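Treat the numbers as computed from the prediction; the structure is a model and nothing was measured.
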Amino acid sequence: MRENGPVTSATRQPEIPTAAAPPRLIATDLDGTLLRDDKSVSPRTVAALAAAEDAGIEVFFVTGRPARWMDVVSDHVHGHGLAICGNGAAVVDLHGGPGAHRFVKVRELARKNALDAVRLLRDAAPGTVYAVEQTYGFHQEPAYPKLHLELPDNLLPAEQLLATGGPGDDEPVLKILAYHPDLDPDAFLTLARLAVGEHATVTRSSPSALLELSGPGVSKASTLALCCAERGISPAEVVAFGDMPNDVEMLTWAGRSYAMGNAHPAVVAAASGRTDANNEDGVAVVIERLLAERV
């Protein structure tokens, strides 16, 4: 997306202060950040990720995508193989390859919270339609548009999809997708956060009015913080990249963070640095510079 104009390239940023902690982990969003618009990973970016891991820096893919959509980077996991999916709702081991991903950690959205959020948002924004993401299943309301490259497992009202004994009752709910056909995306996000309150975490990563609702306190940032704590890695030792509102908390939490050249204005405001756009290998630009400064 191109909601704001071009921003300064990382190659023209001030030098990293000598007091900055050497990076131990790189956390990067995928769509609009690491991936080009055609959903490919450029050879330059593949090489930069491999060089970072060879230098002892862990790489985490941190995305709103569900685990089943991670085949786009399964060939580029190198040594680590872990990804944070669903905006923090799951930590997934990608080593098994497409269709064989293992869930390491799941932070589900309780069905009561989900039902409350659906009701509150439907009241606040009539015309909102929903889909339900689970660890393996995907369900949607009949009026939910064809936004995803897959067929839903069930077509039912959200209240039935989330009811006890409903479809996928034995599977955790990772997030709710809420779409409105008419509202401005940022206005819809603000309205939803006010309406839903503490029942769920609300964010967005799409240029359309499509919101993503996760469990209270669940975000890319909070799950990344848990993963880093398990490894003894501090926020100061993390370098993060992103382009959309669902990246803001992660970019604020990380010691060093970069908004892509194609980033949403809220991301530019949250990040400590800027880099080139996703189609111009902005992540690789920064990684190459960080590695050169370690020599």
Side-chain angles (χ1 to χ4, degrees), residues 1-7 28-42 45 61-66 69-70 72-73 84-89 121 124-125 127-133 138 140-141 143-150 152 174-196 200-214 219-221 240-252 257-271 274-283:
M1 94 183 239
R2 297 285 189 277
E3 292 193 18
N4 58 313
V7 295
T28 178
D29 173 52
L30 293 182
D31 296 281
T33 300
L34 189 80
L35 303 180
R36 293 189 166 188
D37 288 347
D38 64 2
K39 306 306 178 186
S40 67
V41 185
S42 74
T45 297
F61 300 131
V62 188
T63 178
R65 286 179 172 236
W69 290 6
M70 293 302 288
V72 69
V73 290
I84 294 172
C85 297
N87 291 327
L121 185 51
T128 301
V129 289
Y130 298 95
V132 179
E133 283 276 10
F138 175 74
Q140 68 179 58
E141 294 190 316
Y144 187 88
K146 185 173 175 55
L147 299 173
H148 315 290
L149 300 177
E150 61 186 324
L174 298 187
K175 65 179 181 179
I176 302 296
L177 299 169
Y179 176 80
H180 199 283
D182 302 316
L183 291 176
D184 170 80
D186 285 326
F188 190 30
L189 177 59
T190 299
L191 182 153
R193 284 175 169 170
L194 291 172
V196 170
T201 298
V202 186
T203 191
R204 79 176 185 91
S205 60
S206 169
S208 65
L210 177 65
L211 305 183
E212 300 161 71
L213 284 65
S214 305
S219 67
K220 290 185 175 186
F241 300 87
D243 74 305
M244 286 295 283
N246 64 331
D247 298 313
V248 166
E249 292 88 351
M250 177 175 73
L251 299 180
T252 303
S257 57
Y258 293 87
M260 307 304 293
N262 49 292
H264 185 281
V267 173
V268 174
R274 301 177 183 181
T275 187
D276 296 333
N278 62 316
N279 285 332
E280 299 164 356
D281 300 328
V283 173

Spacing of NZ belonging to Lys220 relative to OG1 belonging to Thr201, to within rounding of 0.5 Å: 13.5 Å

Test item: Leu121 and Phe188 side chains (from C-beta on) under 4.5 Å apart, heavy atoms: yes

Nearest-0.5 Å distance that lies between atom CH2 in Trp69 and atom CG in Asp31: 8.5 Å

Contacts of type side chain to side chain donor-acceptor pair (under 3.5 Å), residue Arg36, not counting sequence neighbours: Asp281

Flag side-chain contact, heavy atom, 4.5 Å: Pro145 against Val129: yes

Smallest separation among heavy atoms of Ala178 and Leu213, with atom names: CB-CD1, 4.2 Å

His264 side chain reached by Asp186 side chain, heavy atoms, under 4.5 Å: yes

Reported OH-to-CG distance for the pair Tyr130 and Leu211, which is rounded to 0.5 angstrom: 9.0 Å

Distance-minimising heavy-atom pair for Thr33 and Phe241: CG2-CB, 3.7 Å

Atom of Ala270, atom of Val248 and distance for their closest heavy-atom approach: CB-CG1, 3.8 Å

Nearest-0.5 Å distance that lies between atom OG in Ser205 and atom CG in Leu210: 7.0 Å

Side chain to side chain donor-acceptor pair (under 3.5 Å) against Lys175, all qualifying residues, sequence neighbours excluded: Glu212

With Asp182 via side chain to side chain donor-acceptor pair (under 3.5 Å) - residues at least two apart: none

Any side-chain heavy-atom pair of Val267 and Met260 under 4.5 Å: no

Closest approach of Ala209 to Pro185 (non-hydrogen atoms, all atoms of both residues): N-CG, 3.8 Å

Ring geometry between Phe138 and Tyr144 (parallel below 30°, tilted from 30 to 60°, perpendicular above 60°): perpendicular

Nearest-0.5 Å distance that lies between atom OG1 in Thr28 and atom CG in Leu35: 8.5 Å

Student check: side-chain heavy atoms of Thr203 and Asn87 closer than 4.5 Å: yes

Flag, side chain of Asn279 to backbone of Asp37, donor-acceptor distance under 3.5 Å: yes

Closest approach of Leu177 to Glu133 (non-hydrogen atoms, all atoms of both residues): CD1-CG, 4.2 Å

Heavy-atom side-chain contact between Thr252 and Glu249 under 4.5 Å: no

Least distance between heavy atoms, Gly242 atom then Leu251 atom: N-CD2, 3.8 Å

Note, Pro66 side chain near Leu174 side chain (heavy atom, < 4.5 Å): no

CG on Leu34 to CG on Asp29, rounded to 0.5 Å: 8.5 Å

Under 3.5 Å donor-acceptor, Arg193 side chain and Val202 backbone: yes

Sidechain-backbone polar pair: Asn262 side chain, Ala277 backbone, donor-acceptor under 3.5 Å: no

